[in-house]
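All heavy atoms count here, side chains included; hydrogens, waters and symmetry mates do not. Starting from 1, each residue takes its place in the sequence as its number.
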Amino acid sequence: MRQIIGKTLISMRRSIFNNFQCLRYSHQQEKKILEQLKNRSLLLLNGPDSSNLLQGLITNDMQHFNNGTANIYTLFLNIKGRVLYDSIIYKHPELNDSYYIECDKNIQEQLHRHLNMYRLRRKVEIKSLDSKMNIWTLFNPNLHEKTVNQTKFEGRIFPCGNNDNSNSTNNNNNNNTSSKKMDKISIYEDPRLVNLGLRILTEIDVKRDDIVKNFESEIELTRKNSNYHEFRYKLGIAEGVDDLPPGKPLPLDINGDYLHGISFHKGCYIGQELTARTHYTGIVRKRLMPLLFNDVPKNLLNYDETIVNELGKPVGKFRGIVNQYGLGLVRISEALNSQSLEICGTKVTIFKPFWWPQEAQKQEISAKSNK
């Protein structure tokens, strides 16, 4: 028994210490950025029925927490299977039957009402932590540059927790997500992608210096709230209502499966039918992909602006931009096979994220035959 416990503790320590290299000093380490996410909020769910309530509302599986998972990425859907809210759910480090629900600050009240509407007579208490806690991220801004061998890819669906991809750098698994509690600071791995670094939850009175002193690596302190936003776009990852307007996106189109946020094995939940039907079809033609603009657009680009190829044929829709980096919802095959692309006259390049799982040859053949 002692050996099993010892191995578990060693595994958790290696996951945090080695994967992110944040708690180990090296003169040659690249600087990391610590940024407070002022556009994100926390709700606290507390009570014996909290897990059951969430299980019927989210795309991921609350059973992961029973296997030692510290946090999961998930989506709340409407009855039509469209995404209402993206979220990271954290198991409370000290209280049983308690979970932090991270969401966009602009929709916190709507999510609170959504949870209350389905709470019914369940023994669950829901309250906002806006005045009590802050959310931070610690990330390496250069990790978006790591690439893998590029192969033709049509959009295979991967269930949450499935990281069986030897060519991918995303080797974390929902069942192995680690956390660390230090006084008023809770540190979690980002459950979506190892390159996204750490999510740090703190009590409201914790300052930057209080966080920094817990890390021995060099941390670049920044007060610009656009750094992490731009970094996400470089990776091709959407977050919050600006990228995901409530009631519009489909969970597979926004890579919810690749980011380990969708379980295809759990029981029923709100909006499951369309997601499951698409999953069993086996191919997703459109997905969110990162954009690189040749120049920063002079004019404001509106959400849903059309992306066209050299023939003037639409291949996708614009979703957002920070400096020269953006997101687009595009038809994968058509976009990657186009000679040139532009949005409102501005040249743009679309590329496949390196963290997408590689497609098996037989599924590539299947995709081509279904065109």
Side-chain angles (χ1 to χ4, degrees), residues 54-55 57-64 69 71-78 80-89 148 151-177 189-196 232 235-239 243-244 248-290 316 319 327-333 352-360 362-364 366-367 370:
L54 290 171
Q55 183 74 342
L57 297 178
I58 64 173
T59 56
N60 213 326
D61 194 342
M62 292 295 291
Q63 291 299 316
H64 288 310
T69 296
N71 60 347
I72 59 174
Y73 173 61
T74 193
L75 305 166
F76 290 85
L77 309 182
N78 62 18
K80 296 181 179 180
R82 302 270 176 174
V83 176
L84 290 175
Y85 321 114
D86 64 304
S87 176
I88 297 177
I89 299 178
V148 294
T151 59
K152 180 129 178 172
F153 192 84
E154 297 292 347
R156 183 158 62 112
I157 300 170
F158 270 45
C160 66
N162 188 338
N163 288 308
D164 186 15
N165 178 19
S166 60
N167 292 324
S168 174
T169 60
N170 181 12
N171 294 321
N172 65 314
N173 186 294
N174 277 348
N175 292 333
N176 294 316
T177 304
E189 296 177 8
D190 194 301
R192 296 169 292 182
L193 184 68
V194 67
N195 300 68
L196 285 170
R232 281 196 298 102
L235 286 169
I237 294 177
E239 184 177 282
D243 299 335
L244 309 171
K248 290 187 177 182
L250 291 169
L252 300 180
D253 289 354
I254 64 171
N255 301 314
D257 49 344
Y258 292 170
L259 296 171
H260 318 296
I262 302 173
S263 171
F264 298 108
H265 308 292
K266 62 178 282 187
C268 296
Y269 58 88
I270 302 298
Q272 178 193 29
E273 184 178 355
L274 177 60
T275 306
R277 187 163 63 242
T278 307
H279 165 62
Y280 291 119
T281 299
I283 297 295
V284 178
R285 300 294 183 188
K286 296 185 297 181
R287 286 189 180 270
L288 276 181
M289 298 179 71
R319 287 295 179 258
L327 285 179
L329 178 64
V330 300
R331 288 191 287 276
I332 304 167
S333 180
K352 185 184 75 174
F354 68 84
W355 49 268
W356 278 13
Q358 299 297 303
E359 185 180 41
K362 63 180 182 179
Q363 289 198 307
E364 181 176 339
S366 175
N370 288 333

(message) Test side chain to side chain contact (heavy atoms under 4.5 Å, CB included) on Ile72 and Ile88; report intermediate values, then the result.
(response) CA-CA 6 Å; Ile72 59 174; Ile88 297 177; over 6 Å; no
(message) For a side chain to side chain contact (heavy atoms under 4.5 Å, CB included) check, start with the C-alpha distance between Tyr85 and Leu244, then their side-chain angles and the critical distance, and finish with the verdict.
(response) CA-CA 8 Å; Tyr85 321 114; Leu244 309 171; over 6 Å; no
(request) Taking side-chain hydrogen bond (donor to acceptor under 3.5 Å, both in side chains) as the test, write out the residues that go with Arg331, two or more places apart. (result) Glu334
(request) Using atom types as modelled and distance alone, determine if a side-chain donor or acceptor of Trp355 lies under 3.5 Å from a backbone N or O of Leu193. (result) no
(request) Find out whether Ile254 and Leu75 are in side-chain contact, i.e. whether some heavy atom of one side chain is under 4.5 Å from a heavy atom of the other. (result) yes
(request) Using side-chain hydrogen bond (donor to acceptor under 3.5 Å, both in side chains) as the criterion, list what pairs up with Asp86, not counting sequence neighbours. (result) none
(request) Without swapping roles, check the side chain of Asn71 against the backbone of Glu189 for a donor-acceptor pair under 3.5 Å. (result) yes
(request) Test side chain to side chain contact (heavy atoms under 4.5 Å, CB included) on Val284 and Thr278 and set out the steps. (result) CA-CA 7 Å; Val284 178; Thr278 307; 4.2 Å; yes
(message) Any heavy-atom pair between the side chains of Leu196 and Leu235 that's under 4.5 Å?
(response) yes
(request) Report yes or no: does Arg287 contribute a side-chain atom to a donor-acceptor pair with the main-chain N or O of Leu329 at less than 3.5 Å? (result) no
(request) Report yes if the side chains of Pro251 and Leu77 come closer than 4.5 Å at any heavy-atom pair, otherwise no. (result) yes
(message) To the nearest 0.5 Å, what is the distance between CG on Leu250 and NZ on Lys286?
(response) 7.0 Å
(message) Does any part of the side chain of Asp190, heavy atoms only, come nearer than 4.5 Å to the side chain of Tyr73, both counted from C-beta?
(response) no
(message) Can you see whether Tyr258 has Arg192 sitting over its ring - NZ or CZ less than 6.0 Å from the centre and within 45° of the normal?
(response) no
(request) Tell me, please, which residues at least two apart from Lys266 pass side chain to side chain contact (heavy atoms under 4.5 Å, CB included). (result) Gln55, Ile58, Asp61, Ser263, Tyr269
(message) Applying side-chain hydrogen bond (donor to acceptor under 3.5 Å, both in side chains), can you list everything that pairs with Asp253, at least two apart in sequence or on another chain?
(response) none
(request) Please identify each residue that fulfils side-chain hydrogen bond (donor to acceptor under 3.5 Å, both in side chains) with Arg319, with sequence neighbours left out. (result) Tyr303, Asp304
(request) Decide yes or no on side chain to side chain contact (heavy atoms under 4.5 Å, CB included) for Leu274 and Arg277, but give the supporting numbers first. (result) CA-CA 5 Å; Leu274 177 60; Arg277 187 163 63 242; 3.3 Å; yes
(request) Can you see which heavy atom on Trp356 is nearest to which on Leu288, and at what distance? (result) CZ2-O, 3.5 Å
(message) I'd like to check Ile262 versus Leu252 (side-chain heavy atoms, cut-off strictly below 4.5 Å). Are they in contact?
(response) yes
(message) Could you check whether Thr74 and Ser87, counting side-chain N and O atoms only, form a donor-acceptor pair closer than 3.5 Å?
(response) no
(message) Looking at Pro249, is its backbone amide N or carbonyl O close enough to the side chain of Arg82 to form a donor-acceptor pair, meaning the two atoms are under 3.5 Å apart?
(response) no
(message) My understanding is that only residues two or more places apart in sequence, or in another chain, count here; which of them pass side chain to side chain contact (heavy atoms under 4.5 Å, CB included) with Ile270?
(response) Leu57, Ile79, Tyr118
